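Please read the structure below before turning to the comments.
Both backbone and side-chain heavy atoms feed into the values below; hydrogens, waters and symmetry mates do not. Here is how names work: the chains are called A, B, and so on, in the same order as the sequence lines, proteins then strands, and each is numbered from 1. Computed from a prediction, not measured in an experiment: that's the story for all the values here.
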Amino acid sequence: MAYWLMKSEPDECSIDDLARSPNQTVPWVGVRNYQARNFMRDRMLVGDGVLFYHSSCPEPGIAGLAEVASTAYPDATQFDKKSKYFDEAAKREEPRWQHVDVKLVRKTRLLSLAEMRNAPSLESMVVLKRGNRLSITPVTPQEWRAVLEILERE
DNA sequence: GCCAACGTTGGC
DNA sequence: GCCAACGTTGGC
């Protein structure tokens, strides 16, 4: 059992969008970074914990808890010329991009980026490291518990 | 809109 | 393999 933080722009898919999706599940399409892809392809298992994070928005932060709901499979948008995620270098017989499905566990209060930065127990989180831009980052069990503990305080 | 940080591309 | 140029991310 592993834990992850996954960034989503609320304009694209917010925690409420996730809650309204069929089975409260969305395919995590559009990742076009090899390191993030490799996490999904090589390390994610069904049931892994996910911190659902809102990025590139007025109030960035953790907006809910989710879980990995599938192992990785090819991202259809890489072959779709009309998609903004189209990748003309991707071949059907050798898909370059893969993704997992993510299912809502529960919406939480927003644990803002500022509050995350202020929490000593979250200091080691990869997502808070200077210059980090990865949209998917590993979370340690200790960090996961610390996030839950902070959320339970209110 | 700015800009730091980092990833990717492509010439050599 | 090096590295400059360029593109993207994402907080502010």
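Side-chain contact, A/E59 with A/S112: no donor N or O sits under 3.5 Å from an acceptor N or O.
Salt bridge absent: A/R43 and A/D48 never bring a charged side-chain N and a carboxylate O closer than 4.0 Å.
Remark: side-chain polar atoms of A/N118 are not paired, donor with acceptor, to backbone N or O of A/E115 under 3.5 angstrom. The backbone N or O of A/A90 sits nowhere less than 3.5 Å from a side-chain atom of A/Q78 that would complete a donor-acceptor pair. Side-chain N or O atoms of A/R32 include one that pairs as donor or acceptor with a backbone N or O of A/Y85 at under 3.5 Å.
B/dT9 atom P lies 11 Å from atom CG of A/N33, rounded to whole Å. Taking atom CG on A/L113 and atom C1' on C/dT9, their separation rounds to 14 Å, with Å as the unit. Between the CG atom of A/L128 and the C1' atom of C/dG10 there is a distance of 13 Å, rounded to whole Å. Separating the CD atom of A/E59 from the P atom of C/dG10 is a distance of 18 Å, rounded to the nearest angstrom. Atom pair A/K129:NZ and C/dG11:P shows a separation of 17 Å (rounding to whole Å applied). For the pair A/M116 CE and C/dG11 P, the interatomic distance rounds to 10 Å; values are reported in whole Å. Nucleotide C/dT8 holds its P atom 17 Å from the CG atom of A/L134, rounded to whole Å. Between the CG atom of A/N118 and the P atom of C/dG11 there is a distance of 16 Å, rounded to whole Å.
Note on A/K7: every side-chain N or O is 4.0 Å or more away from OP1 and OP2 of C/dT9. Phosphate contact (OP1/OP2 of C/dG11, side-chain N/O of A/Y53, threshold under 4.0 Å): present.
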Please write out the pairs of protein N or O atoms and N or O atoms of nucleotides 1-7 of chain C separated by less than 3.5 Å, giving the distance to one decimal.
| unit_1 | atom_1 | unit_2 | atom_2 | d |
| --- | --- | --- | --- | --- |
| C/dG7 | N2 | A/R133 | NH1 | 3.4 |

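Summarising the hydrophobic clusters (Ile, Leu, Val, Met, Phe, Trp, Tyr; side-chain heavy atoms under 4.5 Å, direct or chained), the residues clustered with A/Y34 are A/W97.
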